[in-house]
Amino acid sequence: MQHDFWHQRWQNQQIGFHLDAVNPLLAAHFQALDLQAGQRVFIPLCGKTLDIHWLLSKGIHVSGAELSQLAVDTLFTELGVTPSITQRGSLRHYSAEHIDIFQGDFFDLDKALLGKVNAIYDRAALIALPPEMRIRYSQHLINLTNGAPQLLISFHYDQSLAEGPPFNVSAEEVTAHYAQAYDINLLADEILPTGLKGKFPAQEKLWLLSPLK
Ligand SMILES: C[S@@+](CC[C@H](N)C(=O)[O-])C[C@H]1O[C@@H](n2cnc3c(N)ncnc32)[C@H](O)[C@@H]1O
């Protein structure tokens with residue numbers, strides 16, 4: 001997916017993916033990550049999700065990566081926080097108490113800049129990317145985080161009915177990306193009540209990815 005596609009989405013406020021409340025699957029299953037206050041969750045392709053507000057309210061520290069400066073500026077405005085902003089190569093590092101967001105291309109983020117994270121929360125990141133990019137994405141995510149435990153939300157629908165994003169990502173594909181590093185367990189499997197884009201039957205699945213022992 002080209003950067004311009006996402007910049008235009010944000011510019012035109014075509015952000016149907018953005019939820020106006022915490023994601024119910026995150027709220028219901030967050031405890032599966034077994035995190036303590038003060039530990040850090042990494043949210044790749046984070047947008048301005050309210051899930052960040054929710055995690056911070058639980059005492060969890062958050063790191064994120066997001067391409068759109070508009071999204072990141074809006075996130076901090078909505079948090080009511082003024083970050084310090086530092087240029088780090090091609091990325092801009094927005095930092096405030098308990099939160100670090102790297103604005104720019106996720107693929108330019110490296111381990112040293114990200115620092116240690118205790119878990120990953122992927123909602124609408126893997127499924128936002130076309131098939132060939134998903135391979136690169138999942139490998140980069142594992143490398144960046146040393147395979148930190150992960151909550152992953154995927155969408156399942158007939159890809160011939162609609163073009164992504166979001167893309168259909170099958171259970172087999174989740175296994176292909178992540179079985180090398182994780183035990184994979186399905187925590188929830190729900191029918192999207194409004195369907196995908198209000199039209200197509202779709203399911204939402206929540207996976208817990210636990211590092212292989
Ligand atoms: C479908 S949205 C999901 C946003 C957020 N996770 C949520 O649940 O609301 C995908 C986001 O990924 C961002 N994005 C796309 N490609 C990216 C890249 N290469 N690096 C960083 N962010 C990217 C887009 O700007 C967009 O905000």
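No experiment lies behind these values; they were computed from the predicted model shown. Just follow the structure's listing: the first ligand is 1, and inside any ligand the first atom is 1.
Considering H140, E66, Q69 only, the shortest heavy-atom separation from atom 25 (O) of ligand 1 involves E66. Among L45, D108, D105, the residue whose heavy atom sits closest to atom 23 (C) of ligand 1 is L45.
If you look at W6 next to ligand 1, the close heavy atoms, those under 4.0 Å, all belong to the side chain.
Ring centroids of Y178 and W207 are separated by 6.0 Å or more, keeping the two rings apart.
Within the structure, ring pair (Phe, Tyr, Trp, His ring centres under 6.0 Å) pairs that include any residue of residues 58-90 comprise H61-H98, F76-Y94 (at least two apart or interchain).
Residue R123 places at least one N or O, backbone or side chain, under 3.5 Å from an N or O of ligand 1. Looking at ligand 1, you won't find any N or O of T49 less than 3.5 Å from one of its N or O atoms. Not a single N or O atom of A65, backbone or side chain, sits closer than 3.5 Å to an N or O atom of ligand 1. Between M133 and ligand 1, no N or O atom pair is found at a separation short of 3.5 Å. Residue W10 places at least one N or O, backbone or side chain, under 3.5 Å from an N or O of ligand 1.
In this structure, P44 does not count as a contact residue of ligand 1, since none of its heavy atoms falls inside 4.0 Å of the ligand. Proximity of A125 to ligand 1 is not established, as no heavy-atom distance is less than 4.0 Å.
For ligand 1, the atoms closer than 4.0 angstrom to any heavy atom of G104 are 20 (N), 21 (C). Every atom of ligand 1 with a heavy atom of A124 under 4.0 Å away is listed here by number and element: 1 (C), 2 (S), 3 (C), 10 (C).
Just one of L141, T145, I142 meets the side-chain contact (heavy atoms from CB on, under 4.5 Å) condition when paired with Q150; it is L141.
In terms of modelled atom types and a separation under 3.5 Å, the side chain of H177 and the main chain of L126 share no donor-acceptor contact. For Y182 (side chain) and A148 (main-chain N/O), a donor-acceptor pair under 3.5 Å exists by modelled atom type. Formation of a donor-acceptor pair under 3.5 Å by the Y157 side chain with backbone atoms of P166 is found in this model. Between the side chain of N118 and the backbone N or O of R40, at least one donor-acceptor pair lies under 3.5 Å.
Between Q39 and L33 the shortest side-chain heavy-atom distance does not fall below 4.5 Å.
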